[in-house]
There are 2 protein chains.
Amino acid sequence: MDKKDLQNMRHSLAHLLAAAVLELWPDTKTAIGPAIDNGFYYDFEFSKPLSDKDLSVIQKKMKKMLNTWDTFSEKKVSEKEAKDFFKDNPYKQELIDEIVSKKEDITLYTSGPPAGGFTDLCKGGHIEDMKKINADAFKLSHIAGAYWRGDENNTQLTRIYGLAFETKKDLDEYEKMLAEAKERDHRKLGKELGLFVFSDIVGKGLPLWTDKGATIRREVERFIVDEEIRRGYKHVRTPDMARIDLYKKSGHYPYYKDSMYTPMVIDEDEYMLRPMTCPHHFELYLSKPRSYRELPLRIAELAQLYRYEQSGELSGLMRVRSFCLADAHIICRDTTQAQEEVDGALDLIEYIAKVFGLNLGENYSYRLSLGNRDEEEKYFKDDNAWDVAEGILRNVLKKRRVPFVEAQNEASFYGPKIDIQMKNVLGKEDTAFTVQYDFVMPKRFELTFTDSDGKEKEPIVIHRSSVGAIERIMAFLIEHYAGSFPLWLSPTQVAVLPIAEDKHGEYAKEVYDALLKLGIRVEWMGESESLGKRIRQSKMQKIPYLVVIGDKEIEYKKITVEGRDNERHEYITMADFITLLENKIKNKK
Amino acid sequence: MDKKDLQNMRHSLAHLLAAAVLELWPDTKTAIGPAIDNGFYYDFEFSKPLSDKDLSVIQKKMKKMLNTWDTFSEKKVSEKEAKDFFKDNPYKQELIDEIVSKKEDITLYTSGPPAGGFTDLCKGGHIEDMKKINADAFKLSHIAGAYWRGDENNTQLTRIYGLAFETKKDLDEYEKMLAEAKERDHRKLGKELGLFVFSDIVGKGLPLWTDKGATIRREVERFIVDEEIRRGYKHVRTPDMARIDLYKKSGHYPYYKDSMYTPMVIDEDEYMLRPMTCPHHFELYLSKPRSYRELPLRIAELAQLYRYEQSGELSGLMRVRSFCLADAHIICRDTTQAQEEVDGALDLIEYIAKVFGLNLGENYSYRLSLGNRDEEEKYFKDDNAWDVAEGILRNVLKKRRVPFVEAQNEASFYGPKIDIQMKNVLGKEDTAFTVQYDFVMPKRFELTFTDSDGKEKEPIVIHRSSVGAIERIMAFLIEHYAGSFPLWLSPTQVAVLPIAEDKHGEYAKEVYDALLKLGIRVEWMGESESLGKRIRQSKMQKIPYLVVIGDKEIEYKKITVEGRDNERHEYITMADFITLLENKIKNKK
């Protein structure tokens, strides 16, 4: 089956779902039921609340009815015929009105036995023969509330979701992947591992990081800052807020005002929490005269930004209302420098990703986002600048010999960009962050530098992130590692466990203190719980190394280390264990 | 002269100042003229603007008149007599009304020759004989605008300041200290060394840190965080903003609302930028059930806080509108733990201060701030809790055998505190941060823990900072070091300077790269400027080490290092230099 066939099959199953529901509860009102990725859904208005238990009843009915269905027959009808046919169904009435207003044909599709067949308002796109559907390769998965037409002012309907594949094997594999993704969900793991929490009274979309979560963040942040500095970035610190005038000057205000928080009045001025860093960095650039000798100037910051997200869009750490962006603005002398700097930014991105075990092509990919010369409202008018900039970005990607796709009409207002598209554990791709070419902001802010010929010239600005928002990369890393963080990132790196505290406590304490003194993040697992429970806890917390101290260890003056991943070192010296730890941490393993 | 005599002399000089001004410009209106620290001032309403140049004219006149003055004579007068005497002076009229309303005596004091003596409304407190004043030991220092009675709705007067001491030597020393303090002023040095800037369009009181300033901050912040973690603090990250309800729940809102920024409306809720960290840390504490085994729990954070300051109060980094507090809340099981934790907090404070070269007794001191049992509006009512808490804090200070003063009526609402009083370069003392004992917040937030007997109990909270606000300690350190930061904090640690780039550039670049690779903050001083200018720049930027590469260095395969403080190492090996650098940095020198 190709993609089109699969979609037709899934759509046909949505009809079957509606037919089964109406057989069971004839007073139900049907709304719409399309095919979606991996399956289908149908929205209903039930006269009584539906429960998860009812799903298996409906599914059974679907499978039974499937035997009696074969092809779909089409019938073109008039507006009156259609409206009469669906006379008690306000949703279909609305859909008919819409078809009429668009001057399109109204078609009904029917399938099932002559007595008891099911007819729906539909535009077609079905499987040739329902007999081709494998009854073991589809199932109803879950129900959810859904507003009619997605508008929360409308009636809330009940949406029944189904999964559907060509073979049972495909379905099983998909379900296995789903289960695994659920296990890796950063919201679930964040709770289990105690990394972050939310609080109603603090507010939605504002995570509170426990010391464990904050430890991972700190390691990630210091790594990024140190690596950027090593590569010649100048890390600065600018305020989280500014007068509204700053964002008006930058031209961001009209584009961002709906996602900015309402202004705060201080003395006679209105202040806003910043939704982006650029104008702050430009003000720093403007604080003194600049020479070509200083360029390229890579102004970087871990910048806390504030953007409104609708409460329905908030999701764990993936979508929050305030986030910390690993941001930078590279002020370039000319197009040559701009090209080098874009190239250098991609070097950095690939290096950091690699340290996190993420590979280009597998975990993430590049997309070149282009502007549309004709859309003068959306894109700054300067055809030549667009040509040059797009050429430069394309050149960099080609020279690096990496695969990339081009996307029309996805650029920023001020220039084209390279999007870093991250794949999540379900394989879904999303723009995580970008490298942008900007030929507009330098004009607006009147950024200049004195060139070697003594003339004042306008630089080019590259906006770039190296890893995106810290909150989002944390969510991504939690899922990527399934909570089993490498040693250098683990909130607890070693747990020390005396089998019996009275006999082994003293020696265990020596081991604990020695590790602590070296700056290893070590946890004491004293005898307040049983041995089995302590070992289980250490596994559940995914602690990389467990040092177990018993009689033999004291006798030999050695230690036994159990690694999280079936690694075991019986009776090794502390010196050897410390070397092992220090090497791994140093190499970010 | 004792303090009282000095004050009387200064007050007498204020009379002389007023007399001299009236001799020079008889239509001037006099307001008030008290003694102040180090001198005196007098406020006048001039009929024409006064310039700095006029000061020497007035001073000359004062010195001349001084010869003709001796004692002050007192005269008690009626309200009518007084009002007639000052009939053209609205300020004196107002002062007379005030004296009358307080039912106090109205007294006039006169000094100077019988013809041309000067009479002022005054409560006394003069030198016995003006002849005792050394004419070389006082001088007029500057003028400033000052509103009548400090109220900006009133007339703006001209205030003339004078310095006055017993001897010329005292005056000279004070002026020398002033000049030095001016040289060390962090606003001046911040500009010269390029550490931070302000921008009008960003807003007042919101510093932008350049990479140089941000480098020092980063070193300071990492040092504090690492040291706190080493001492068992759990560093967390909580949001900069929260629903207004959080601050109402904590009880902070009524006390802080005037210094909080106006609310932002998000969906149906009002959000505020946080002015303190406590309720955020309490929400984290409440996120799971707690056992006595977890206590003491030291929740720490470098927390960005937002408090309104009047624009007139803003001063460089000392007073800003958003600052980052090295904050912590220690949840204690009982009074024993609370005492230990306060003691531990002072250990940490003294350790950090020592690393910065600040000594207890010399650069800072302790003050025990107590509550007043009778002021029930200002202090939480629980006499016994106050007695216990104050006893504990006093105990800790006594056991440490450190000098401290006690201050009545300076406690927090929720308990007594130890204030860390920092002395600035002028010797002025200010509360930099505090260690507070809190028996109120645990009740409000219903903080509890399960004790060893299985019962739910209420903990005690210690609020503490280890170093105060980062912005303020940065201002303090800039002035303390006069910009010559120790190696570990220096934004540029080493400058590499080839005498002639064509001959010495290659070898110099090897040296530069070797240092860079080791993570040393190294600056290239190429030949774009003359040798002399480059050396001067390196001194002006207070770079700790300058590596000079010439013929001999290349011949010997060695380097010559010039230290900032007259330290010179001629022809040393790179290995020796690197050892020197690494030892200093490791030991925070």
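Atom set for the values below is all heavy atoms of this structure, side chains included, hydrogens, waters and symmetry mates excluded. Everything numeric here is computed off the predicted structure, so don't read it as measured data. Naming convention: chains lettered A, B, ... in sequence-line order (proteins, then strands); numbering from 1 in each chain.
- Heavy-atom distances place the side chain of A:Ser287, and not its backbone, under 4.5 Å from chain B.
- Residues A:Tyr308 and B:Asp267 are in side-chain contact: their nearest non-hydrogen atoms beyond the backbone lie under 4.5 Å apart.
- Under the 4.5 Å side-chain criterion, counting only non-hydrogen atoms from C-beta, A:Glu283 is in contact with B:Ile201.
- For A:Leu286, no part lies under 4.5 angstrom from a heavy atom of chain B.
- Neither the backbone nor the side chain of A:Asp269 comes within contact range of chain B, judged by heavy atoms closer than 4.5 Å.
- Taken to the nearest 0.5 Å, the CD1 atom of A:Ile266 stands 7.0 Å off from the CG atom of B:Leu206.
- Across A:Tyr271 and B:Lys204, no two heavy atoms sit closer than the pair OH-N, 3.5 Å.
- With a 4.5 Å cut-off on non-hydrogen atoms, B:Arg243 touches chain A through its backbone and its side chain both.
- In this structure, no portion of A:Lys212 lies under 4.5 Å from any heavy atom of chain B.
- Proximity to chain B (any heavy atom under 4.5 Å) is restricted, for A:Pro263, to the backbone atoms N, CA, C and O.
- Scanning residues 217-226 of chain B against chain A with a 4.5 Å heavy-atom cutoff picks out B:Arg217, B:Arg218, B:Glu221, B:Arg222, B:Val225, B:Asp226, ordered by number.
- Of the two parts of A:Val197, only the side chain, counted from C-beta on, holds a non-hydrogen atom closer than 4.5 Å to a non-hydrogen atom of chain B.
- In this structure, A:Asp453 places its CG atom where more than 12 heavy-atom neighbours from other residues, nucleotides or ligands lie under 6.0 Å away.
- With a threshold of 4.5 angstrom between heavy atoms, B:Pro207 approaches chain A through N, CA, C or O but not through any side-chain atom.
- A:Val265 has its side chain out of reach of B:Tyr261: every pair of non-hydrogen atoms, C-beta onward, lies at least 4.5 Å apart.
- Of all residues in residues 234-241 of chain B, those placing a non-hydrogen atom less than 4.5 angstrom from a non-hydrogen atom of chain A are B:Lys234, B:His235, B:Val236, B:Arg237, B:Thr238, B:Pro239, B:Asp240, B:Met241.
- Put simply, NE2 on A:His281 and CG on B:Leu208 are 8.5 Å apart, with the number rounded to the nearest 0.5 Å.
- The neighbour count for B:Glu446 CD, taken as heavy atoms of other residues, nucleotides or ligands under 6.0 Å away, does not exceed 12.
- When the heavy atoms of residues 291-304 of chain B are compared with those of chain A, the residues falling under 4.5 Å are B:Arg293, B:Gln304, listed by number.
- In this structure, chain A has a heavy atom under 4.5 Å from the side chain of B:Lys249, while its backbone stays farther away.
- Annotation: residues 519-530 of chain A contacts chain B through A:Ser528 [non-hydrogen atoms, separation under 4.5 Å].
- Counted within 6.0 Å of NZ on A:Lys588, heavy atoms from surrounding residues, nucleotides or ligands total more than 12; the atom is thus considered enclosed.
- Top candidate by heavy-atom pairs under 4.5 Å with chain A, chosen from B:Tyr247, B:Tyr306, B:Phe198, is B:Tyr306.
- In this structure, CG on A:Asp211 lies 9.0 Å from CG on B:Leu284, to the nearest 0.5 angstrom.
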